[in-house]
Chemist: 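Please find one structure pasted underneath; my questions will follow.
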Amino acid sequence: MNIPWRLVLAHTKRRWLRSTLTIVSVFMTILIFGILRSFIVGIETSVAEASSTRLVSASALSLFAHLPKRLEGEIAQLPGVEAVTHWTWFGGVYIDSSPDHLWGRFGVDVPSMRKVYGPDLILDDEVWKRFEENRTSCIIGADLAKDEKLKLGDRVKIVGNLFPGTVDVEIVGIYQSKVRSFDQKTMFMHWDYMNELSKSAGGRQDIVSTFTMLLKDPGQAGGLAKSIDTNYASSSNRTLTQTEKMFQAQFASMWGNLPLFFSILGGIVIVACLMVTANTMMLNARERVQEVGILKTLGFTPGSVSTMALVEGLLLCLVGGALAMAVVRSFDGKMMMFTILTVPWRTIAEGLAIAAGLGLLSGFIPALLTHKLTILDAIRRRA
Amino acid sequence: MSDHPLIRLAGVDRIYTRGNEELHVLNGLDLDIQKGEFVALMGPSGCGKSTILNLMGAIDRPNAGQVLFDGEDLSEMNEAERASWRARNVGFIFQAYNLMPVLTAVQNVLLPLQLTPLPRAKRRAQAELALQIVGLSERMNHYPNQLSGGQEQRVAIARAIATDPRVLLADEPTGDLDAKSAAAILDLLQELNRQNGQTIVMVTHDPKAAERAHRVIQLDKGRVVGGHAA
Ligand SMILES: Nc1ncnc2c1ncn2[C@@H]1O[C@H](COP(=O)(O)OP(=O)(O)OP(=O)(O)O)[C@@H](O)[C@H]1O
Ligand SMILES: [Mg+2]
């Protein structure tokens with residue numbers, strides 16, 4: 001097929017403002033789609049990649065209720081448990097209460113933390129040792145260090161709210177994660193230290209948020225979870241024990257219908273963009289009646305002239321889509337609302353496909369009209 | 001001269017329908033154009049001159065009768081076949097120049113060459129040659145709105161002759177031009193006819209223009225009412 005490419009290019013240049021606006025509107029649309037999609041994929045991935053050799057026990061009451069620390073010893077005795085560790089959400093205010101500063105911060109037991117989660121992290125032996133030996137030290141994730149411009153030796157002060165007292169700890173290590181389900185935007189400090197602090201200020205003490213058990217055999221997860229939960233079923237410390245995978249899923253379900261809402265939102269934005277691009281393409285087509293007549297007179301076939309009408313919109317939309325997906329791709333691994341934005345190639349392909357779809361759909365009617373327009377009609381309309 | 005004319009209209013009817021109304025523009029028209037001829041079509045407005053040109057150039061079809069080009073019946077071809085036939089055989093020149101405003105002179109001339117099998121470099125050479133023939137070598141990279149009306153029409157002629165078509169169909173090519181530019185365009189057409197044996201069919205209202213042709217065909221209400229050698 002013979003398409004006058006130079007003419008396509010010349011149009012795009014001549015109508016640069018119109019072309020730019022089309023590119024920008026597709027760019028924004030695909031950007032919104034990409035961000036929403038990478039959020040949803042992030043939730044899905046964190047569930048899919050979570051370990052099933054670890055069991056997590058939390059209060060059955062809610063994700064934010066606590067369990068007494070003393071259960072640790074009892075759980076450790078259960079058959080099939082290789083090791084137990086515990087995490088406790090400290091909360092509090094770092095600098096100010098803006099969401100930017102609301103990253104995860106937990107009190108942990110360092111030796112057992114290392115045993116249970118060590119394999120997921122990249123952290124030198126001597127750093128683990130330094131962390132373990134210094135009661136007022138902490139380790140932070142690499143992304144957190146970057147976002148908050150923190151480095152080794154800096155002190156982190158967090159004013160408590162769930163627990164009274166202000167923690168003041170020194171950064172002795174910066175970890176990287178080997179798995180997506182373990183994010184790089186969290187701070188870990190000594191549970192002992194924050195517990196002492198709270199105790200001396202008259203706050204809550206000897207409680208933890210979750211226990212994590214490393215299993216000898218993942219096949220035992222179901223039975224073990226059941227036996228823990230029945231153990232405490234009648235007490236005020238009812239537990240809910242799940243594999244980390246199920247726990248992630250429960251955490252993800254906290255978002256409820258948000259993913260669905262996001263999908264609908266994305267859909268609406270795409271449809272709105274389609275209206276804009278379709279209108280632009282119709283405008284282009286209407287301006288080019290005479291030109292279509294000339295091209296056909298010169299001997300360009302109806303097929304190539306209508307393809308030309310289709311191609312221009314397609315190119316603009318693809319440029320906008322490609323730019324947007326390049327930006328979205330750079331968000332890969334970043335945290336948003338406690339979720340690691342995840343941008344696999346599939347999402348990029350989806351974004352480009354939507355952009356192409358926008359281009360094809362908006363160019364479809366102009367292309368059809370162009371195909372049908374007879375030379376006589378084109379010439380007469382000029383007169 | 002060969003045994004058959006280059007273009008033959010035989011018993012051609014052309015009826016336009018507007019709503020319920022039927023407009024019989026051409027009624028059993030017979031008309032021959034010989035190879036190498038320069039023919040002027042004249043007649044009052046609305047008598048069907050442009051219609052005849054459109055039929056000869058395969059951008060319109062007759063309701064009845066035949067349009068034969070070198071013995072080949074144009075109305076038997078489908079739309080795509082007619083398009084490539086036009087690209088190979090016809091150069092059109094319109095009153096309103098009909099250049100692409102977004103393309104430079106040479107890019108405009110290159111357009112129909114894109115439809116030929118010529119290699120890229122040859123196309124470019126051919127476009128430049130065509131512009132040289134019409135005397136616009138210096139203006140190759142100008143856009144239509146940077147040219148005078150006469151120059152625009154020269155570019156249109158260059159575009160029409162660039163593919164070396166077998167016939168030039170010109171619909172009032174001097175209609176929008178002042179006397180001096182018009183004379184120059186007619187000089188050019190005449191030269192193309194004399195030096196290259198280019199067959200030309202030209203619609204015109206201007207007797208001065210018609211004087212340049214070998215033959216003038218007078219039309220009225222879709223019929224040939226007179227003809228004479230100029
Ligand atoms: N596509 C069309 N549909 C309907 N009527 C048409 C169409 N094209 C031409 N006509 C009519 O057919 C008649 C002949 O038109 P044509 O354009 O051939 O005349 P013309 O001799 O070229 O006139 P002019 O000198 O004004 O250009 C006119 O009455 C015109 O209105
Ligand atoms: Mg006319």
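Proteins come first, then strands; the chains are lettered A, B, ... in the order of their sequence lines, and each starts at number 1.
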Chemist: Could you name the residues of residues 74-93 of chain B that have a heavy atom within less than 4.5 Å of a heavy atom in chain A?
Modeler: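 Residues of residues 74-93 of chain B touching chain A at under 4.5 Å: B:Glu79, B:Ala80, B:Ala83, B:Ser84, B:Arg86, B:Ala87, B:Phe92.
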
Chemist: So for atom CZ, which belongs to B:Arg123, do other residues, nucleotides or ligands contribute more than 12 heavy atoms lying within a distance under 6.0 Å?
Modeler: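 Correct, the count exceeds 12.
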
Chemist: What residues of residues 13-29 of chain B sit under 4.5 Å from chain A when only non-hydrogen atoms are counted?
Modeler: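 So the qualifying residues are B:Arg14, B:Tyr16, B:Arg18.
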
Chemist: Take A:Arg6 and B:Leu110 through the side-chain contact (heavy atoms from CB on, under 4.5 Å) test and state the conclusion after the steps.
Modeler: CA-CA 10 Å; A:Arg6 188 178 280 137; B:Leu110 278 164; 3.5 Å; yes

Chemist: So, taking the atom named CG in A:Leu7 and the one named CD in B:Gln114, what distance separates them when rounded to the nearest 0.5 Å?
Modeler: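 Nearest 0.5 Å value for the CG-CD distance: 9.0 Å.
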
Chemist: Give the member of A:Ile3, A:Leu9, A:Thr374 that has the highest number of heavy-atom pairs under 4.5 Å with chain B.
Modeler: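 Going by pairs under 4.5 Å, I would pick A:Ile3.
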
Chemist: Is there any residue in residues 291-312 of chain A with a non-hydrogen atom under 4.5 Å from a non-hydrogen atom of chain B, and which ones are they?
Modeler: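 The stretch touches chain B at A:Glu291, A:Ile294, A:Leu295, A:Lys296, A:Thr297, A:Leu298, A:Gly299, A:Phe300, A:Thr301, A:Pro302.
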
Chemist: Pick one of side chain, backbone, both or neither for B:Leu99, based on which atoms fall under 4.5 Å of a heavy atom in chain A.
Modeler: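 When you check distances to chain A, only backbone atoms of B:Leu99 fall under 4.5 Å.
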
Chemist: Who passes ring-ring contact (aromatic ring centres under 6.0 Å, His included) against B:His205, sequence neighbours left out?
Modeler: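 With sequence neighbours excluded, B:His205 shows a ring-ring contact (aromatic ring centres under 6.0 Å, His included) to no residue whatsoever.
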
Chemist: Roughly how far, to the nearest 0.5 Å, is CZ of A:Arg14 from CE of B:Met100?
Modeler: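 B:Met100 CE to A:Arg14 CZ: 12.5 Å, rounded to 0.5 Å.
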
Chemist: Should the heavy atoms of other residues, nucleotides or ligands under 6.0 Å from CZ of A:Phe364 be counted, would the total exceed 12?
Modeler: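 No, because the 6.0 Å sphere around CZ of A:Phe364 holds 12 heavy atoms or fewer from other groups.
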
Chemist: At a 4.5 Å cut-off on heavy atoms, which part of B:Leu103 comes close to chain A: side chain, backbone, both, or neither?
Modeler: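 B:Leu103 touches chain A through side-chain heavy atoms alone.
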
